Trainee: 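Pasting a structure here, questions to come.
Bear in mind that the values here come from a model prediction, so they are computed numbers and not experimental data. One-based numbering, in listed order, for ligands and for the atoms of each.
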Amino acid sequence: MVLSGYADPMTLFGVYFARAKEDVTHDPTAVALATATRAGFPSVRMVLLKAIDERGLVFFTNYDSRKGHELHQNPQAAMCFYWPRIEVQVRAEGAVEKLSAADSDAYFNSRERLSQIGAWASQQSAPLPTREVLLHRVAEMESRFDGQPIPRPPNWGGFLLVPQRMEFWQGNPGRLHDRLVYEQTDGAWQTSRLFP
Ligand SMILES: Cc1cc2nc3c(=O)[nH]c(=O)nc-3n(C[C@H](O)[C@H](O)[C@H](O)COP(=O)(O)O)c2cc1C
C-alpha cells in the first residue's frame, strides 16, 4: 500500500487516526514524546494525544514535570505514533507552545473528579519518599475541595506541538515500506519520499 497524497499533513493524520481508532485492542492516542534540555540531552515518555486541529497536536501534563521543564528550556519536541493493526508510524517534529488558559481549563473541567484531584496531588517527576505521601496528599485535596468544583492547578495544562516536519510510514510486504515526508518551508508544505 502506498500513502495517498494530501496537501497538508494534519489532514492525512486525521485520515489515518480515524482508521487507527477502529482497532479496539490498542489506544491510538498513546504517543512517544521526546524533549531535550537546552544542552541537547534527550528524554522520551508516553503521553496521550487529547486533541488535533489544523495547527497541530495537543497533550496535557504538569508544567513542573521533567518534560515541562525541558519544554520551558527548549520548546521543541518530537512525537512518534505506532498503529500496529494498520502498520502505520507517524512522526512529528516542531515547536511547542502552551495552550491558552481557557483551553486548558475547558479540558481540565471535562476530566473525571479523581483525575482532577490527582493533578493537584501529584508533584509530577519530583522524588516521592513513600507511596503513603501521595495517598495522604490525595486525601488532603479531597477534603480541601469537598463539595466544590475543582479548578485547574496553575502548573497543569496543555501543550500544542506545531509540526514543522511530519513523516508517515506505511508498512508493506518485503520491507518495501512507503515513507512520505511533509516539510514546511516559507509557510508551504513540501512533500517528498524516502527509501525505507
Ligand atoms: C500510555 C501512557 C500514557 C500517558 N499519558 C500521559 C499524559 O497524557 N500526560 C502525562 O503527563 N503523563 C502521561 N503518562 C506518564 C508519562 O509517560 C510520564 O511518566 C510522566 O508524564 C512523567 O514524565 P517526565 O518525568 O518525563 O515529565 C502516560 C504514560 C503512559 C504509559
Side-chain angles (χ1 to χ4, degrees), residues 10 13-14 16-53 55-135 137-138 141 150-163 166:
M10 287 310 295
F13 184 88
Y16 273 101
F17 192 44
R19 282 183 55 201
K21 281 186 195 160
E22 291 167 11
D23 177 4
V24 293
T25 64
H26 181 85
D27 180 356
T29 72
V31 57
L33 169 77
T35 56
T37 62
R38 205 191 316 269
F41 288 99
S43 66
V44 64
R45 80 291 288 151
M46 302 302 293
V47 294
L48 298 178
L49 179 75
K50 287 297 177 183
I52 51 175
D53 65 20
R55 289 195 64 217
L57 304 154
V58 173
F59 61 95
F60 290 86
T61 194
N62 185 309
Y63 291 140
D64 292 328
S65 64
R66 177 176 176 187
K67 74 182 90 50
H69 283 297
E70 291 185 359
L71 287 170
H72 182 71
Q73 290 174 34
N74 178 4
Q76 299 284 332
M79 282 184 173
C80 185
F81 296 85
Y82 175 48
W83 297 322
R85 179 70 67 86
I86 59 171
E87 284 189 85
V88 168
Q89 169 181 254
V90 183
R91 296 163 65 175
E93 291 137 39
V96 173
E97 51 193 71
K98 273 187 179 177
L99 271 198
S100 70
D103 285 347
S104 288
D105 285 343
Y107 175 67
F108 187 81
N109 294 340
S110 77
R111 300 183 94 205
E112 61 174 41
R113 196 171 171 87
L114 185 58
S115 301
Q116 294 177 332
I117 290 281
W120 278 96
S122 174
Q123 296 171 316
Q124 193 179 57
S125 312
L128 175 65
T130 64
R131 185 150 183 91
E132 284 61 46
V133 174
L134 174 63
L135 299 180
R137 284 180 61 84
V138 168
M141 296 303 164
I150 303 177
R152 177 176 62 89
N155 64 346
W156 190 98
F159 280 113
L160 171 71
L161 185 154
V162 181
M166 285 183 83

Trainee: Can a non-hydrogen atom of Phe60 be found less than 4.0 Å from any atom of ligand 1?
Mentor: yes

Trainee: Within 4.0 Å of atom 19 (O) of ligand 1 (strictly less), any protein heavy atom?
Mentor: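 Given the 4.0 Å limit, the answer for atom 19 (O) of ligand 1 is no, no protein heavy atom qualifies.
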
Trainee: What protein heavy atom sits nearest atom 12 (N) of ligand 1, and how far off is it?
Mentor: Gln124 NE2, 3.8 Å

Trainee: So if I count the atoms of ligand 1 from 1 in the order they appear, which ones are less than 4.0 Å from some heavy atom of Thr61?
Mentor: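 Selected atoms, number and element: 10 (C), 11 (O).
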
Trainee: If we only count N/O pairs under 3.5 Å, is Asn62 in contact with ligand 1?
Mentor: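 Asn62 vs ligand 1: no N/O contact under 3.5 Å.
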
Trainee: Could you pull out all residues at least two apart from Tyr107 that satisfy ring-ring contact (aromatic ring centres under 6.0 Å, His included)?
Mentor: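 In terms of ring-ring contact (aromatic ring centres under 6.0 Å, His included), with neighbours along the sequence ignored, Tyr107 is linked to Phe60.
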
Trainee: Could you check atom 6 (C) of ligand 1 against the protein and tell me its nearest heavy-atom contact, residue, atom and distance included?
Mentor: Val47 CA, 3.5 Å

Trainee: Which atoms of ligand 1 sit under 4.0 Å from any heavy atom of Ser125?
Mentor: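 Taking each heavy atom of Ser125 in turn, ligand 1 has 22 (C), 24 (P), 25 (O), 27 (O) under 4.0 Å.
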
Trainee: If you measure from CG on Leu33 to CD on Glu70, what distance do you get to the nearest 0.5 Å?
Mentor: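 Separation between the atoms: 9.5 Å.
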
Trainee: Tell me whether the centres of the aromatic rings in Phe13 and Trp83 are closer together than 6.0 Å.
Mentor: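 Yes; Trp83 has its ring centre under 6.0 Å from that of Phe13.
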
Trainee: Which of the listed options, Lys50, Arg66, Lys67, holds the heavy atom that is closest to atom 22 (C) of ligand 1?
Mentor: Lys67

Trainee: How far is atom 4 (C) of ligand 1 from the closest protein heavy atom, and which atom is that?
Mentor: Met46 O, 3.5 Å

Trainee: For atom 8 (O) of ligand 1, what is the closest protein heavy atom, and at what distance to 0.1 Å?
Mentor: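 Sorting protein heavy atoms by distance from atom 8 (O) of ligand 1 puts Leu48 N, 3.0 Å first.
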
Trainee: Applying ring pair (Phe, Tyr, Trp, His ring centres under 6.0 Å) to Tyr16 and Phe81, what does each step give before you reach the verdict?
Mentor: CA-CA 11 Å; Tyr16 273 101; Phe81 296 85; over 10 Å; no

Trainee: Would you check, one step at a time, whether the test salt bridge (Lys or Arg N to Asp or Glu O under 4.0 Å) holds for Arg55 with Glu97?
Mentor: CA-CA 11 Å; Arg55 289 195 64 217; Glu97 51 193 71; 3.1 Å; yes

Trainee: Is it the case that the side chains of Thr61 and Lys67 hold a donor-acceptor pair, with the cut-off being a distance below 3.5 Å and no angle test?
Mentor: yes

Trainee: Thr35 pairs by side chain to side chain donor-acceptor pair (under 3.5 Å) with which of Arg45, Gln73, Arg66, His69?
Mentor: Arg45

Trainee: What do you reckon, does Gly68 have a nitrogen or oxygen under 3.5 Å from a nitrogen or oxygen of ligand 1?
Mentor: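 Looking only at distances, the answer is no, because the N/O contact criterion of under 3.5 Å is not met.
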
Trainee: Quick one: list whatever passes side-chain hydrogen bond (donor to acceptor under 3.5 Å, both in side chains) with Asn74, sequence neighbours left out.
Mentor: none

